[in-house]
Amino acid sequence: MPDTAPTKTRVPAVEGLFTTDDPPHLIGGRLAGTGGYCFPRDLGGADPAAPAGDVEEVLLSRTGTIWSFTNSAYAPPPPFVITEPYEPVSIAAVELDEERMVVLGQVHPDWGTDDLAVGMRVELCLGVLYEDEEHEYLTWQWRPVAAGDQAGEGA
């Protein structure tokens, strides 16, 4: 018999950090005064070289290179939503291709620290951070780029 469970609505865990397009993008800022980038966009006002409010919204590169990575063997503190039992996750610091800035993010659960290496090419994807009865709450994640797609942005 086919699964007749209702489909949960997929929504961002935090609005305004990424698109839910296919393919997704992080939403960052470009500082008008310096040409530098920030993520999230609202951090642009923290740059003393660019006046607050002088930040243009931009979609950031979808691909980059692992700069560093680790695992999260312990549950993070509130306000993070933790499901029990806690499942450790891998986290990667990724230098974005065009912006040359480093963005932290969870690694897709299909890959762990044993599968990663500094210098590895990765791409942005979306994954479920947590869920309730009606919703799957999404966040951005990194996953290794397929061997044939190592050279470029892909989308």
Colleague: Verify the distance criterion only: is there a donor paired with an acceptor across the side chains of T63 and D97 at less than 3.5 Å?
Modeller: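 Result is yes, a qualifying pair exists.
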Colleague: When the aromatic ring centroids of F69 and W111 are compared, is their separation below 6.0 Å?
Modeller: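 No, they do not, as the ring centres are separated by 6.0 Å or more.
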Colleague: Rounded to the nearest 0.5 Å, what's the gap from CG on L26 to OH on Y37? Could you check?
Modeller: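 Spacing of CG (L26) from OH (Y37) equals 13.5 Å.
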Colleague: The test is side chain to side chain contact (heavy atoms under 4.5 Å, CB included); show your working for T65 and R121 and say whether it passes.
Modeller: CA-CA 5 Å; T65 304; R121 302 279 302 142; 3.5 Å; yes
Colleague: Can a salt bridge be assigned to the pair D115 and R143 using a cut-off of 4.0 Å between side-chain N and carboxylate O?
Modeller: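 A salt bridge is absent here (no side-chain N lies under 4.0 Å from a carboxylate O).
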Colleague: Would you mind checking if E56 and R30 are paired as a salt bridge, meaning a charged N to carboxylate O distance below 4.0 Å?
Modeller: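 No, no charged N to carboxylate O under 4.0 Å.
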Colleague: Taking the side chain as C-beta and beyond, is there a heavy-atom pair between C38 and L31 under 4.5 Å?
Modeller: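 SC-SC contact between C38 and L31 confirmed.
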Colleague: Quick one, Q106 and S72 - any side-chain contact, counting heavy atoms below 4.5 Å?
Modeller: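 Q106 vs S72: side chains apart.
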Colleague: Should the ring pair Y130 and Y137 be called parallel, tilted or perpendicular, given that the plane angle runs from 0 to 90° and is split at 30 and 60?
Modeller: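 Parallel, since the angle between the ring planes stays under 30°.
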Colleague: So do D132 and K8 actually touch side chain to side chain, heavy atoms under 4.5 Å?
Modeller: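 No; the side chains remain at least 4.5 Å from each other.
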Colleague: Under a 3.5 Å distance rule, please check whether S90 uses its side chain to pair with a backbone N or O of T113 as donor and acceptor.
Modeller: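 Answer holds: yes.
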Colleague: Hey, quick one: are V122 and L59 part of the same hydrophobic cluster, counting side-chain heavy atoms closer than 4.5 Å, chains of contacts allowed?
Modeller: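 No; L59 is not reachable from V122 via cluster members.
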Colleague: For P24 versus R62, what's the shortest heavy-atom pair and its separation?
Modeller: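 Scanning both residues, the minimum pair turns out to be O-NE, 2.7 Å.
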Colleague: Could you measure the distance from the OG1 atom of T7 to the CD atom of E134? Nearest 0.5 Å is fine.
Modeller: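 These two atoms lie 13.0 Å from each other.
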Colleague: Provide the closest heavy-atom pair for S68 versus V118 in the form atom of the first, atom of the second, distance.
Modeller: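 For S68 versus V118, the nearest heavy atoms are CA-CG2, 4.4 Å.
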Colleague: Hey, quick one: are W140 and I27 part of the same hydrophobic cluster, counting side-chain heavy atoms closer than 4.5 Å, chains of contacts allowed?
Modeller: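 In one cluster: no.
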Colleague: Atom CE of M120 and atom CD1 of I66: how far apart are they, to the nearest 0.5 Å?
Modeller: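 Interatomic distance, M120 CE to I66 CD1, rounded to 0.5 Å: 5.5 Å.
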Colleague: With rounding to the nearest 0.5 Å, note down the distance linking NE2 in H135 to CD in E133.
Modeller: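 The distance works out to 11.5 Å.
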Colleague: Indicate, with yes or no, if L126 and V128 share a hydrophobic cluster defined by side-chain heavy-atom contacts under 4.5 Å among Ile, Leu, Val, Met, Phe, Trp and Tyr.
Modeller: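 The answer is yes; both residues are in one hydrophobic cluster.
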Colleague: If we only count heavy atoms from C-beta on, is the V102 to V94 side-chain gap below 4.5 Å?
Modeller: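 The answer is no; the side chains never approach within 4.5 Å.
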Colleague: Taking all non-hydrogen atoms of both residues into account, name the closest pair between P40 and L17 and its distance.
Modeller: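 It is CB-CD2, 3.5 Å.
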Colleague: Could you grab the distance from atom CG of L129 to atom CG of L138, nearest 0.5 Å is fine?
Modeller: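 Here the interatomic distance stands at 9.0 Å.
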Colleague: Out of curiosity, I91 CD1 to L116 CG, how far, rounded to the nearest 0.5 Å?
Modeller: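 Going from the CD1 atom of I91 to the CG atom of L116 covers 11.5 Å.
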Colleague: Can you confirm whether L124 sits close enough to P23 that some side-chain heavy atom of one is under 4.5 Å from a side-chain heavy atom of the other?
Modeller: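 With C-beta onward as the side chain, the pair stays apart.
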Colleague: If two hydrophobic side chains count as joined below 4.5 Å and joins carry through other members, does W142 share a cluster with W67?
Modeller: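 In one cluster with W142: W67, no.
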Colleague: Search all heavy atoms of Q141 against all heavy atoms of P109 and return the closest pair with its distance.
Modeller: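 Looks like OE1-CD, 3.5 Å.
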Colleague: Output yes when a side-chain donor or acceptor of S61 lies under 3.5 Å from a complementary backbone atom of L96, and no otherwise.
Modeller: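 Here the side-chain-to-backbone pair does not exist.
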Colleague: For P88 versus A73, what's the shortest heavy-atom pair and its separation?
Modeller: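 In terms of heavy atoms, the two residues are closest at CB-CA, 4.1 Å.
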